[in-house]
Structures are given as C-alpha cells and as structure tokens.
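Remember, it's 1-based here, ligands and their atoms both numbered in the order they're listed.
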Amino acid sequence: MLVSSEIIPALGLFLGLTTATYTLQDDYGTNQTFFSKFDFFTSPDPTHGYVEYVDRATAQSAGLISASSGSVYLGVDTSNVASSPGRQSVRLTSKKAYNHGLVILDLEHMPGSVCGSWPAFWMIGTVPPTAGEIDIIEGISDYTTNEVTLHTNEDGCSIQNSGFSGSLDTSECYIYTKSDGSGGCGIIDPSKQSYGDGFNAAGGGVFATEWTSDGVHVWRFSNSSIPADISSGRPNPSTWGTPVASFAGNCDFDAQFNNLHIVFDITFCGDWAGSEWSSDSCTSKAPTCQDFVQNHPKAFTESYWRVRSLKVYTNDRSTKRSAGTNTIPKVRRRGGHKYGM
Ligand SMILES: *[C@@H]1O[C@H](CO)[C@@H](O)[C@H](O)[C@H]1NC(C)=O
Ligand SMILES: *[C@@H]1O[C@H](CO)[C@@H](O)[C@H](O)[C@H]1NC(C)=O
C-alpha cells in the first residue's frame, strides 16, 4: 500500500509531463551538418533584390557561411564593391517540410538594422498544392522592431485582435487583399529588443513558433530570459505566458498552411527595402538603395545570422488532419518571398 501510494502520483506526474511536452523531431546542429540539411537557393531573388545568392561551395570559400564553436554563421559579402546581379549573400531552404510543430530558433545575432538590407527567417510552402507563408523575423533597413506576418493564397483568413502582447498591424491574411499580392496579416513586436541592433545588444535570444490547427503563436525571449524548459530541451509553451504574436480566429489554418520549409535569407533593396528607400532616413546615405548597397561593403558587417541552435519539436496535438488544396500566387511584394527552391 505504501509503495503504490508513492508510485501512482509519481506516475501521474510523469505521464502529465510527457503529454504536455513536445519531443525533439529535428536538431539542425551547429557543425557542417547544418548546411547539408538545407538547399542553397541560387536563382534570381523573387523579390527583385540587389543580391546574388551563391551556392554552398562559393559561400564557404568566400566566408559567407561557417560553423564553429557552437554556432553557425550566415552572412553576406562585406569586402567587395558589388556588381550585377548584386551583393553576394545566401538563402537557405530546409530540405524538410513541416506540418505543425514547434520551431525554436536560438540566435546569438540577427542581421543588424542596416540601411538597404532585408533579412528574414520564415517558413513557406513551395510546391503546388502546398502553400502559405509564416514570416517569423522580418524587417528592412534601420527598422528597430520585428513584425510577424502570415500570408495565405486563398481568401477567408482573418485573425482576431486578442491573445497576444504585440500590436495588430493588419488582420486579413490573404495576399490579394492588396492588388500587388503583398497582403498579409501582421503583428508588430513593439520591443526594441525584437529586431536588428537592439536584439543583438541584448545578447540575442529565442524565437519560438508553435503551429497547430488552431493557429500560429510566436514567443520571443531575450538572452537573459530564455525559459529553462527551452534550454533543457523540454519546451512547454503552456508555461510561457502570452505570446507576442498569435494568429487565430476566422481561418482554416490546416487548409491554408501546408508543407512549410524553413528559410533564412538576407536580401537587399528590392520590392520592400528598395521601394521604401526614398521615404525613410536611409535616403540621406545615397540617392538609391542599389547605389548604397553596391558601393559600401563595410556597411554590411552587421548583416549576418549567428545561430546557436535550430530545433523542431512535435507533439500529439500537432498531428495534422488532411490538407486542403491551394493555388500558387503569381507575385508578392512585402514578405512575399515567393515560391521556388
Ligand atoms: C554535427 O552535429 C550533429 C547534430 O547535432 C551531430 O549529430 C554530429 O555528431 C555532429 N558531427 C560532428 C562531426 O561533430
Ligand atoms: C546569454 O546568457 C547566458 C546565460 O545567462 C550568458 O552566459 C551569455 O553570456 C549570454 N550571451 C550573450 C551573448 O550575452
């Protein structure tokens, strides 16, 4: 009797813990294995940036990528005046596609708040009929705050203005709520530790993205406040409090988001950073965005990702029901990194 009264509560606690906790599905690591889990995108930038995305061998020999002492580096050319098609950079697309899950990115550094740059960490469906896009980290030029944005290829997805601590920018997720295909639902993280120089000054931090049938929820933690359950590899989002961004409401997430790949990139100018050049403070630096990016390699020394870890977790609740059918959009601008591996 004594024995069982001790064992049963312990067993209950154990079972409760395991059902609430995500289990590790993929650890991208911090050595060369990281790069072999991604394809290097080398086509022209679908968002028309002044950039040349190079392959793995070129990136390696030019020092644009490296893996050492517990972190992975992804950067851009900071030595040379650029020539057409633009400044050398990398765009990595995970070979694996996901349906639901918990994506935890621990960064020591993200691209800084540099005029002309347009970095993003995001997820996208690439092959018809898969679809949808989740932009987890994105900004341009000297922006100081992050905006999380979802894009859908079909109408009928709008999010409610509750359940998150950030501020709602737009609630309609369909790309063609704007005629140029740049529509999306967005939530701004008002903290200056959420993006660029401010994030880096705080020692980096963690972006945790939970994707279920009910929606997409993003938490950001600065380096000094990363939850212990993340550090220990037993993440439990239910203990993290209110997410900074939460996309839920009138939307069939399982129909709109399918087979998403994880992407890192840094582009320049193009449809967003280029088109806003004349309207922001960067304009005093050069007459055009391309002029600045082409001729000032040293301006981009802060334009790099340093990844401490990238892990994808799964749990029972994230098992997905059958996917819907979507069509692929033709062109998108802001956040519209578009399809194609
Ligand atoms: C590289 O990292 C992976 C993933 O963490 C690990 O399994 C592998 O053993 C590492 N390889 C080397 C050579 O350290
Ligand atoms: C991040 O936090 C850890 C633990 O608190 C600390 O040891 C480390 O120095 C910090 N990193 C940076 C880059 O500030």
Side-chain angles (χ1 to χ4, degrees), residues 21-40 55-57 59-61 63-76 78 90 92-98 101-114 117 119 121 123 136-137 139 143-146 189 191-209 218-237 239-241 243-244 261-264 266 300-315:
T21 305
Y22 279 87
T23 55
L24 185 63
Q25 185 178 2
D26 291 303
D27 180 353
Y28 281 78
T30 53
N31 56 36
Q32 290 293 328
T33 305
F34 180 95
F35 301 117
S36 56
K37 291 177 178 168
F38 289 90
D39 290 316
F40 282 65
D55 62 22
R56 182 176 175 181
Q60 195 93 49
S61 64
L64 305 193
I65 60 168
S66 62
S68 63
S69 47
S71 66
V72 163
Y73 174 93
L74 308 170
V76 307
T78 61
V90 288
L92 274 62
T93 306
S94 69
K95 289 178 176 164
K96 190 159 178 179
Y98 296 93
L102 177 62
V103 177
I104 300 189
L105 175 67
D106 187 350
L107 291 172
E108 181 181 313
H109 188 281
M110 75 162 73
S113 305
V114 181
S117 65
F121 172 70
M123 299 180 74
I136 299 164
I137 303 173
Y143 275 29
T144 57
T145 56
N146 185 42
D189 181 343
S191 169
K192 294 217 172 9
Q193 292 187 355
S194 67
Y195 182 80
D197 293 345
F199 176 83
N200 298 330
V206 164
F207 287 81
T209 303
V218 177
W219 289 262
R220 179 188 54 78
F221 305 104
S222 285
N223 185 57
S224 58
S225 55
I226 299 169
D229 60 303
I230 289 181
S231 305
S232 67
R234 296 181 65 82
N236 186 352
T239 65
W240 298 342
V244 70
H261 298 257
I262 296 169
V263 185
F264 291 90
I266 303 172
F300 299 96
T301 52
E302 285 295 308
S303 291
Y304 66 91
W305 304 94
R306 191 174 282 285
V307 179
R308 288 191 287 230
S309 68
L310 172 61
K311 295 177 183 175
V312 181
Y313 294 86
T314 185
N315 78 355

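The nearest protein heavy atom to atom 4 (C) of ligand 2 is not closer than 4.0 Å. Less than 4.0 angstrom separates atom 9 (O) of ligand 1 from none of the non-hydrogen atoms of the protein.
Using cut-offs of 30° and 60° on the angle between ring planes, the pair Phe207 and Phe199 is tilted.
Side chains of Thr33 and Asn31: a donor-acceptor N/O pair is present below 3.5 angstrom, by distance only. Looking only at atom types and distance, the side chain of Ser71 has no donor-acceptor partner in the side chain of Glu108 under 3.5 Å away.
At least one N/O-N/O distance between Asn31 and ligand 1 falls below 3.5 Å. Residue Glu108 has no N or O atom closer than 3.5 Å to an N or O atom of ligand 2.
Protein heavy atom nearest atom 11 (N) of ligand 2, with residue, atom name and distance: Asn223 ND2, 2.9 Å.
Here the CG-CZ distance, from Asp55 to Phe40, works out to 8.5 Å after rounding to the nearest 0.5 Å.
Listed for the Ser225 side chain is no donor-acceptor partner under 3.5 Å among the backbone atoms of Phe221.
Those atoms of ligand 1 with a heavy atom of Gly29 less than 4.0 angstrom away are 4 (C), 5 (O).
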